[in-house]
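One structure is given below, encoded as structure tokens.
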Amino acid sequence: MSLKLVYFAWVRERIGKPEEHVELPPSVVTIGDLIAWLTMRGEEYAYAFENAPLIRAAIDKAHVKHDAPIAGAREIAFFPPMTGG
Amino acid sequence: MSLKLVYFAWVRERIGKPEEHVELPPSVVTIGDLIAWLTMRGEEYAYAFENAPLIRAAIDKAHVKHDAPIAGAREIAFFPPMTGG
Amino acid sequence: MFTVRVQPEDFDLAAEQRKLCAGRTDIGAVVTFTGLCRDERGTLAALELEHYPGMAEEEMARVLNEAKARWPLDGAVLVHRHGLIRPGENIVLVVTASRHRKAAFCAAEFLMDYLKSCAPFWKKEHLKDGTTGAWVEAKDTDDKALEKWSGDFGT
Amino acid sequence: MFTVRVQPEDFDLAAEQRKLCAGRTDIGAVVTFTGLCRDERGTLAALELEHYPGMAEEEMARVLNEAKARWPLDGAVLVHRHGLIRPGENIVLVVTASRHRKAAFCAAEFLMDYLKSCAPFWKKEHLKDGTTGAWVEAKDTDDKALEKWSGDFGT
């Protein structure tokens with residue numbers, strides 16, 4: 001499965017890039033699986049996701065929880081809790 | 001006791017004047033007494049105060065209840081419930 | 001800055017807010033409320049707003065002090081118009097400024113609830129057919145709106 | 001009229017309110033909320049507001065639709081700035097218009113509570129000494145503010 005990932009705020013800073021395209025193995029089914037898979041890719045990802053439950057995710061620009069399935073997603077975003085307003 | 005009375009909105013319209021000076025007998029002690037005393041003065045007052053509990057009063061520009069004593073008052077106002085804002 | 005005004009002329013929402021915030025960097029939230037003259041039935045030429053000069057200003061200052069005692073306000077403005085006001089025109093303005101949004105919101109709503117029920121203003125309808133309509137009647141819901149401020153309140 | 005905008009430039013509170021009310025005589029209440037950049041410690045040069053383009057607008061439109069479903073709104077505007085914003089400058093604007101003041105107040109407060117917790121914006125501090133400060137942390141109180149909207153709500 002081919003996917004665009006986008007990162008914001010300190011998640012972006014820790015990973016060191018604003019976006020990337022990834023090829024996922026079939027074992028990655030949910031957002032939680034994707035976080036675990038990314039964490040294995042290197043220190044910068046491990047650092048970004050060190051407190052994984054805190055990290056928010058969006059599939060195709062809609063908020064989702066970590067148990068959400070990613071099948072059919074075109075763009076998945078990871079970011080810290082929002083501080084707008 | 002000499003006193004200035006002021007009237008607003010439909011209380012003013014029913015009594016037919018915006019203000020007047022009155023000399024009160026010593027038997028008039030509270031706002032309620034004053035309303036009763038005014039009601040005896042003529043049809044226009046009886047009409048203005050026909051639903052007396054509804055009428056609001058102020059002594060020297062501060063809201064008071066009908067049992068408030070009027071001793072020391074310089075100006076007493078009568079008006080319907082307020083509809084500003 | 002805390003200001004109370006009763007005036008026949010219109011007010012300038014943005015100017016009032018600018019004056020409150022001028023030169024300050026400690027204000028995080030400004031809430032404004034504008035009350036306008038409505039004409040739902042299409043029969044209204046204007047509302048005539050009568051007030052009790054002196055007492056109107058005093059009551060507005062009193063409720064403003066009450067709001068200052070309840071919430072950490074950095075500034076507030078109350079302006080109430082009197083005289084003839086046509087449909088679509090402004091009647092009343094409340095502006096509250098605070099470090100925090102909750103205080104600004106609560107204080108603005110509190111001020112409006114109290115203005116409605118305690119400030120000596122009365123509205124009379126002037127109709128398009130040239131006749132004078134009725135005095136606007138006070139609403140039960142306005143008195144009920146006060147009840148929520150009698151116990152606990154947000155900070 | 002219902003509008004949502006994300007933009008780097010400042011907004012004009014009075015112009016937004018005028019547009020909402022133009023030519024109408026059925027609006028009785030307009031509430032505005034302006035969120036400003038604060039600098040309580042005197043050390044802040046600017047806040048940098050990052051956002052998720054596309055999702056920010058979509059989330060703002062979603063909460064606006066939620067507010068329309070809950071209260072009888074006659075119009076509303078949401079504007080959120082991004083980029084560098086200096087102390088004392090505007091960050092966010094909410095304007096709600098309704099027949100009744102209670103609906104306008106509730107909807108404005110609801111919209112701000114949801115914008116704070118759901119709209120994808122993040123604030124980073126730039127300090128006067130030229131260094132980059134921390135990312136602003138989300139507040140527990142912002143999540144708690146949402147709870148009151150989950151059950152009954154005023155109308």
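Bear in mind that the values here come from a model prediction, so they are computed numbers and not experimental data. Proteins come first, then strands; the chains are lettered A, B, ... in the order of their sequence lines, and each starts at number 1.
Of the atoms belonging to Glu48(D), not a single heavy atom falls under 4.5 Å from chain A. When heavy atoms are compared at a cutoff of 4.5 Å, Ala58(A) approaches chain D solely by way of its side chain, counted from C-beta outward. Residue His82(D): no heavy atom, backbone or side chain, is found under 4.5 Å from chain A.
Below 30°, between 30° and 60°, or above 60°: for Phe8(A) and Trp122(D) the angle between ring planes is below 30°, a parallel geometry.
Top candidate by heavy-atom pairs under 4.5 Å with chain D, chosen from Ala77(A), Ala62(A), Pro80(A), is Pro80(A).
Rounding to the nearest 0.5 Å gives a distance of 10.5 Å between CE of Met82(A) and CG of Asp142(D). Note that the SG atom of Cys118(D) and the CZ atom of Arg56(A) stand 8.5 Å from one another [nearest 0.5 Å].
At most 12 non-hydrogen atoms from other residues, nucleotides or ligands lie less than 6.0 angstrom from OH of Tyr47(A). Counting non-hydrogen atoms of neighbouring residues, nucleotides and ligands closer than 6.0 angstrom, the CD atom of Glu43(A) reaches no more than 12 such neighbours.
A heavy-atom distance below 4.5 Å is found between the side chains of Tyr52(D) and Val6(A). Taking 4.5 Å as the limit, some side-chain heavy atom of Arg12(A) sits within range of a side-chain heavy atom of Glu50(D). The closest side-chain heavy-atom distance from Glu13(A) to Lys124(D) is below 4.5 Å. Looking at heavy atoms from C-beta onward, Glu59(D) lies out of side-chain contact with Lys61(A) at the 4.5 angstrom threshold.
Residues Thr83(A) and Glu137(D) approach most closely at CG2-C, 3.8 Å, considering heavy atoms.
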